[in-house]
Amino acid sequence: MPVGPAEISTIHLNLRNTGFRMRTSQYLIATLRETPADAEVISHQLMLRAGLIRKLASGMYTWLPAGLRVLHKVTAIVREEMNRSGALEVSMPVVQSAELWQESGRWDKMGPELLRFVDRHERPFCLGPTHEEVITDLIRNEFNSYKQLPANFYQIQMKFRDERRPRFGIMRAREFLMKDAYSFHINQTSLEQTYQLMYQTYSNIFSRLGLDFRAVLADTGNIGGSTSHEFHVLADSGEDDIVFNSTGSYSANIELADGFIRDLDDGSADMLQSREIDTAQAHTIEALTSLLELPATRLIKTLIVKAVQSDTNPHGLMALVLRGDQELNDIKAEKLSGIVSPLTFASDDEIENVIGCKPGCLGPNNLDFPVVVDRSAEKMRNFICGANKSSTHLADANWGKDCRFDMVADIRKVKEGDLSPDGQGDLLIKRGIEVGHIFQLGTKYSQAMNASVLDENGRSVLMTMGCYGIGVSRIVAAAIEQNNDANGIIWPDAIAPFQVAIIPLNAHKSPRVTEISEQLMTDLEKAGFEVLLDDRDKKTSPGVKFADMELMGIPHRIVVSDRGLENNELEYKSRRAENAETVPLASVLEFLRARIAT
RNA sequence: CGGAGUGUAGCUCAGUCCGGUAGAGCACCGCCUUCGGGAGGCGGGGGUCGGAGGUUCGAAUCCUCUCACUCCGACCA
């Protein structure tokens with residue numbers, strides 16, 4: 001249908017009036033029928049297929065119009081809630097000079113993840129992967145008095161991290177949109193108050209986004225500090241294991257999750273006399289359990305890892321001992337003093353040189369380096385362990401008699417079904433996608449960069465800091481991971497690129513269908529809904545329109561057809577519903593108002 | 001950074017082993033028909049086969065080098 005000058009000016013007027021007025025014929029519907037070969041996870045596949053993003057290079061993506069609308073919606077919710085919490089928005093440079101990073105010490109500490117380059121004067125710069133240095137520099141210059149505290153500053157901005165391995169599309173991109181906030185305090189108590197406020201703000205944000213999420217206790221990692229929580233969107237494709245109990249009173253990242261084993265040996269049995277047994281080729285726990293016809297809970301697993309070399313530990317090794325059915329948590333193990341970080345297993349050759357046998361028959365007996373035993377094995381009696389001799393194990397071995405340890409620690413990965421550490425119910429484990437992380441930083445950066453204010457006694461005090469991040473672009477991918485079906489994306493109302501799709505059928509034949517569709521779009525937009533009218537010409541069959549709108553995940557669909565209009569009816573279908581329903585033309589507005597959260 | 005793999009049309013792929021001068025489906029353009037679930041017919045446009053070098057009368061195909069991308073491991077929003 002040719003568009004004359006009069007119609008064009010009408011369209012422009014409407015654009016100005018409503019701000020929306022989107023028609024597929026004038027929009028970029030960049031849907032793909034087939035899945036691009038280089039996308040592996042569902043969110044990446046669907047973002048490409050639905051025409052939300054296109055790849056420029058590894059880990060770098062262009063956001064197409066529909067995708068950008070989603071990203072903006074997420075951004076708007078994050079911004080509103082941050083503002084509501086009293087945080088102040090700023091915008092810091094993406095390009096940062098090396099000096100600040102040298103001052104904090106991170107110029108040398110950060111690996112190639114920090115993308116460095118020089119300007120035309122050969123002065124070193126980097127692309128900001130995070131902004132602790134810049135904000136701390138700003139605040140040490142602007143703040144002089146405790147009266148200015150506490151304060152919380154945030155920005156929503158592209159970050160760049162030259163990831164070792166970008167993957168999963170937007171989920172782990174090198175360039176990504178992040179909300180980062182930094183708070184400044186006169187003392188720990190004040191920090192804890194703001195930390196609580198951010199915890200609540202994050203909960204509000206993820207609730208408003210319409211996502212199923214959990215806040216979990218987290219490892220503070222290299223950033224240090226005392227307390228940290230991660231916010232995870234639950235999805236089977238998540239990269240993290242998160243642990244929580246049935247009552248909701250405990251939740252933690254598996255990296256530091258605690259739990260009690262129910263069938264723990266209480267150490268009350270009488271000690272038997274140990275004896276050597278021939279275990280031939282059985283070198284694994286699994287092989288031993290079937291050979292000896294004993295459960296793995298009767299065995300002990302001994303792992304040899306690298307430790308710091310010293311006079312008292314000339315081999316530079318350490319033994320980590322767990323009950324046979326348990327697995328090592330390497331994050332916990334790395335925190336043991338004297339251990340080499342990152343955790344490194346000793347090679348077969350090293351083990352043979354020092355102990356005299358290959359892995360498979362190792363045990364905590366006669367070892368001349370430190371032995372750390374997990375609580376799961378601490379009280380075991382009459383257990384099976386390696387004899388440090390080829391093809392030989394010790395049966396009915398006991399601590400104190402046959403074996404020794406230097407220290408008891410929690411180095412085990414909790415398992416589903418363990419008793420919650422607070423005693424409330426069983427532990428469950430689910431996969432999560434980390435979309436937010438809050439930290440109590442303490443004075444790490446204020447100390448390195450000498451950021452202080454005067455307290456009420458006129459004494460100079462280092463500011464205590466907190467930092468709070470949200471992966472804004474990652475949320476888009478995470479939302480898809482959590483909400484999709486065979487036909488494509490299913491957006492929560494709050495972040496859908498459009499809330500309502502109007503599909504006119506046979507519009508080219510029916511002036512009435514065209515007229516009602518146009519009128520409906522106008523009315524819905526006046527009512528505050530965001531509408532996409534699929535007015536593509538007759539060469540685009542209804543099936544294509546249905547498929548595209550579903551792929552793009554538009555949560556509410558109205559079909560306008562002659563058949564329905566005979567009875568003054570429209571057809572409505574929720575993206576989540578199995579079947580469509582009819583709605584009287586006259587009441588469609590109330591109908592949608594009742595179903596769409598705005 | 002180690003390990004594995006893939007680069008041929010906008011997308012999905014065949015052709016490569018065995019050298020003979022580039023294909024299919026979808027998408028796109030035109031005309032006709034069709035019109036409530038990715039329509040049909042006829043006609044058409046589009047690729048220096050990732051790049052460079054080599055072998056050969058002749059290279060998408062064989063050899064060497066290179067670049068890019070994806071996946072698996074340790075980090076992070």
Side-chain angles (χ1 to χ4, degrees), chain A residues 29-41 44-45 48-49 51 54-60 74 78 110-113 129-130 156-181 202 218-223 228 230-233 239-240 253 255 330-331 334 341-345 432-439 467-478 487-488 503-510 513 536-551 557 559-564 571 573 580:
Chain A
I29 303 296
T31 52
L32 302 174
R33 195 168 198 163
E34 283 172 290
T35 305
D38 55 6
E40 200 69 17
V41 296
H44 189 196
Q45 291 175 352
L48 290 167
R49 284 193 57 212
R54 287 292 182 263
K55 182 173 71 185
L56 176 66
S58 178
M60 295 187 263
V74 177
V78 171
M110 296 268 289
E113 184 177 282
T130 175
I156 299 173
Q157 186 210 44
M158 278 296 174
K159 294 281 185 282
F160 193 94
R161 294 182 190 174
D162 200 357
E163 288 277 348
R164 288 184 184 96
R165 182 148 95 85
R167 57 181 148 171
F168 307 150
I170 279 308
M171 193 101 82
R172 183 188 298 252
R174 290 195 287 178
E175 187 178 289
F176 62 98
L177 191 63
M178 181 178 181
K179 187 285 297 175
D180 47 326
Y202 275 35
D219 187 50
T220 46
N222 298 329
I223 299 198
S228 167
E230 290 168 348
F231 288 76
H232 285 262
V233 167
E239 292 188 83
D240 288 288
N253 192 306
E255 290 175 351
D330 42 5
I331 305 277
E334 268 183 25
S341 176
L343 189 77
T344 316
F345 284 89
I433 300 168
E434 185 187 349
V435 288
H437 203 161
I438 58 179
F439 283 98
C467 78
Y468 319 92
I470 288 183
V472 177
S473 46
R474 180 181 281 180
I475 286 173
V476 177
N487 294 329
I503 301 183
L505 292 182
N506 280 325
H508 61 288
K509 277 208 265 185
S510 167
V513 165
R536 283 177 288 180
D537 68 18
K538 58 184 178 178
K539 295 207 74 169
T540 307
S541 71
V544 171
K545 294 180 180 181
F546 293 144
D548 276 349
M549 294 304 111
E550 281 164 9
L551 179 57
R557 182 184 84 188
V559 175
V560 183
S561 69
D562 260 328
R563 202 171 69 192
E571 177 196 287
K573 183 176 175 297

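Each chain gets a letter, A, B and so on, in the order the sequences are listed, and its residues count up from 1.
A:Ala37 comes within contact range of the sugar-phosphate backbone alone, with a heavy-atom separation under 4.0 Å but no base atom that close. No engagement by A:Arg174 is indicated, since no non-hydrogen atom pair under 4.0 Å with the nucleic acid exists. Residue contacts for A:Val544: at a heavy-atom cut-off of 4.0 Å it reaches a base atom on one of the strands shown. A:Glu175 comes within 4.0 angstrom of nothing in the nucleic acid, heavy atoms only.
Each of A:Val233, A:Ile470, A:Val472 was scored for a side chain to side chain contact (heavy atoms under 4.5 Å, CB included) with A:Val435, with one residue passing: A:Val233.
Taking atom CZ of A:Arg536 as the reference point, atom C1' of B:C28 lies 14 Å away to the nearest angstrom. Put simply, CZ on A:Arg167 is 16 Å from P on B:C69, counting in whole angstrom units.
The side chain of A:Pro36 lies closest to B:C11 when the candidates are B:C75, B:C11, B:G36. Of the candidate nucleotides B:G37, B:C75, B:C11, B:C75 has the atom lying nearest to any side-chain atom of A:Glu163.
Aromatic stacking of A:Phe176 on B:A77: satisfied, with centres closer than 5.5 Å and planes within an angle under 30 degrees.
Side-chain atoms of A:Gln45 come within 3.5 Å of backbone N or O of A:Ala39 as a donor-acceptor pair.
Remark: B:C1 base-pairs with B:G73. Criterion, Watson-Crick or G-U wobble with two distances under 3.5 Å. Pairing for B:C11 is with B:G25, a Watson-Crick or G-U wobble pair whose two hydrogen-bonding atom distances lie under 3.5 Å.
For a distance-only test at 3.5 Å, the side chain of A:Arg172 qualifies as a donor-acceptor partner of the base of B:C75.
Close to B:A39, at under 4.0 Å from its OP1 or OP2, lies a side-chain N or O of A:Ser541.
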Distances for protein N/O vs nucleotides 40-47 of chain B N/O pairs under 3.5 angstrom?
none

